[in-house]
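To start, the structure under review is shown below, and the notes come after it.
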Protein chains: 2
Amino acid sequence: MLRLTKKADYGLMALKYLAEQTGGSAHSAKDIAEAYHIPPQLLAKILQTLAKGGLLVSHAGTNGGYALAKPANEITAFEVIRTIDGPLFITSCITIHGACDLTSTCTIKEPLRKVNDSIKDLLSGIYIADLVEPGDAERSKHAVGGGLVSIAL
Amino acid sequence: MLRLTKKADYGLMALKYLAEQTGGSAHSAKDIAEAYHIPPQLLAKILQTLAKGGLLVSHAGTNGGYALAKPANEITAFEVIRTIDGPLFITSCITIHGACDLTSTCTIKEPLRKVNDSIKDLLSGIYIADLVEPGDAERSKHAVGGGLVSIAL
DNA sequence: CATTCTCCGACTCATACGGTCTTCTACAGT
DNA sequence: ACTGTAGAAGACCGTATGAGTCGGAGAATG
Ligand code: SF4
Ligand code: SF4
């Protein structure tokens, strides 16, 4: 349940890698793939998707590669996941309204929507910058509601 | 992303239905299926799983059916989902340690585990009883941390 | 005892994720 | 301008697993 795809997983790793390399210059997909031992071609595809989504900037040719399009502390995990896996959410009815033919009779639609929003807020409070340093507090100032996500049905 | 299976979805609906019927007597899978227009056989299977997981008690034979094994305010959404969809979580590495062969090189494992726990706590704070009445506060006393889930990497 | 009702486990089908391959385009340095 | 490198883009396949279906076992009633 609630499994997030491996593509998104790899995507986050790549983002983190790029965030660590403050050198500024671009890093090739191959480099990142080798650093973490993930299938190079697959990661290339993921990076393409991220570039198309505006989270990365690509630079072709010799010494080319990818670089972050925005500072690491302005990219949320939610953006990354949504860009890679698409905007689909925990229930079929939330994004595509006609997906579930029970929308009329269903009674748990609204509560689940709340849960959905809570998770979304949770992910939106996590930034790439939070991943690079395993340090604790301080950065959480970004987090929604001061790092607390309320769940009230 | 983060899609929760339709089975779990249906399962929650069925649980809610049973919670509403305070009559105490058992209700057949067919009845519930007809009430919500979901495939009867599929729902039967879901209820079987829930019964096996100890959330429901089944009663075969004429006038048989299913009933809640515990009071509605003691069954969490998390239990339901875990029972139906299995204990799998957002990343492959959390439950089955050998699932991802990058566990050694992966650097985002720990942060994601935190996220995972947060979602788990979030779901654990939701009870079946919370679904039947669309009312607001008061029941949230059950919720973990007073309805607030903290996310701190 | 027989019939009817319901649960139960095993089974099939479809989707889509994970991963790979091939081709084309763009840039850097010579 | 030429060449080698690296990215972009699309098609392609195998498999995992989700969604849905089927026939049989078992229990209660009469
Ligand atoms: S059953 Fe209800 S909550 Fe689930 S997808 Fe359909 S309308 Fe949404
Ligand atoms: S080890 Fe890292 S890459 Fe592998 S499943 Fe866990 S978080 Fe994802």
Side-chain angles (χ1 to χ4, degrees), chain A residues 1-11 13-14 18 25-34 36-54 56-67 69 81 84-86 88 90-92 96 99-102, chain B residues 1-11 13-14 25-34 37-53 55-67 69 81 84-93 95-96 99-102:
Chain A
M1 58 70 110
L2 285 175
R3 182 174 24 191
L4 120 112
T5 67
K6 247 176 183 175
K7 291 186 192 177
D9 203 346
Y10 293 159
M13 286 171 67
L18 289 174
S25 61
H27 296 262
S28 79
K30 206 179 112 200
D31 289 347
I32 307 176
E34 283 176 357
Y36 292 112
H37 306 109
I38 40 188
Q41 315 249 29
L42 178 57
L43 188 132
K45 217 158 102 90
I46 296 168
L47 294 179
Q48 287 166 30
T49 310
L50 287 172
K52 205 159 57 178
L56 290 177
V57 286
S58 64
H59 208 61
T62 315
N63 291 336
Y66 294 91
I81 295 172
I84 295 178
D85 285 347
L88 38 135
I90 60 171
T91 58
S92 315
I96 318 141
C100 183
D101 32 325
L102 311 173
Chain B
M1 55 75 104
L2 284 175
R3 182 173 25 190
L4 118 114
T5 68
K6 246 175 183 175
K7 291 188 191 175
D9 203 346
Y10 293 159
M13 287 171 67
S25 61
H27 296 262
S28 79
K30 205 180 115 199
D31 289 347
I32 307 177
E34 283 176 357
H37 306 107
I38 41 188
Q41 315 249 29
L42 178 57
L43 188 133
K45 205 160 105 77
I46 296 168
L47 294 179
Q48 289 166 30
T49 309
L50 287 173
K52 204 159 59 178
L55 294 180
L56 290 177
V57 286
S58 64
H59 209 59
T62 315
N63 291 337
Y66 294 93
I81 293 172
I84 295 178
D85 285 347
L88 38 134
F89 269 111
I90 61 170
T91 57
S92 317
C93 57
T95 39
I96 318 141
C100 182
D101 32 324
L102 311 172

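As a basis for the values below, the full set of heavy atoms in this structure was taken, side chains included, without hydrogen atoms, waters or symmetry mates. Chain A is the first sequence line, chain B the second, and so forth, proteins listed ahead of strands; every chain is numbered from 1.
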* To do: Please state how far atom CG in A:Leu56 lies from atom P in D:dA6, giving the value in whole angstrom units.
  => 18 Å
* **Separation of atom CD1 in A:Ile32 from atom C1' in D:dA6, rounded to whole Å** => 13 Å
* Gap between atoms CG and C1', on A:Leu50 and D:dG7 respectively (whole Å) -> 14 Å
* To do: At under 4.0 Å between heavy atoms, which parts of nucleotides 11-24 of chain C does protein reach? Answer with one letter per nucleotide, 5' to 3': B base, S sugar-phosphate only, - none.
  => ------SSBBB---
* Side chain proximity check, A:Lys7 to A:Tyr10, heavy atoms < 4.5 angstrom -> no
* **Distance test, side-chain N/O of B:Ser58 to OP1/OP2 of C:dC8, below 4.0 Å** => yes
* Asked: What is the distance from CG of B:Asp9 to P of D:dG18, rounded to the nearest Å?
  -> 14 Å
* Mind checking side chain to side chain contact (heavy atoms under 4.5 Å, CB included) for B:Lys52 and listing every partner two or more places apart, or none if nothing turns up? => none
* Structure fact -> With sequence neighbours left out, the residues meeting side chain to side chain contact (heavy atoms under 4.5 Å, CB included) with A:Ser58 are A:Tyr66
* Hey, does A:Ala44 reach any base, or is it just sugar-phosphate, or nothing, if we go heavy atoms under 4.0 Å? -> nothing
* Measure the distance from OH on B:Tyr66 to P on C:dC5 and round it to the nearest whole Å. => 17 Å
* To do: Could you grab the distance from atom CD1 of A:Ile84 to atom NZ of A:Lys6, nearest 0.5 Å is fine?
  => 14.5 Å
* Report the distance from atom NZ of B:Lys52 to atom C1' of C:dC8, rounded to the nearest whole Å. => 9 Å
* Structure fact -> A:Leu2 atom CG is separated from D:dT17 atom C1', nearest whole Å, by 16 Å
* Measure from CG on A:Asn63 to P on D:dT5 and round the result to the nearest Å. => 11 Å
* With side chains defined as the heavy atoms from C-beta onward, is the minimum distance between B:Leu2 and A:Ile81 less than 4.5 Å? -> no
* Asked: Does A:Thr62 get its side chain close enough to the base of D:dG4, under 3.5 Å, for a donor-acceptor pair?
  -> yes
* Return no unless some side-chain N or O of A:His59 is found under 4.0 Å from OP1 or OP2 of C:dA28. => yes
* At what distance, to the nearest 0.5 angstrom, does CD1 of A:Ile32 lie from NZ of A:Lys30? -> 12.5 Å
* **Approximate separation, where rounding is to 0.5 Å, of B:Ile90 CD1 and A:Thr5 OG1** => 11.0 Å
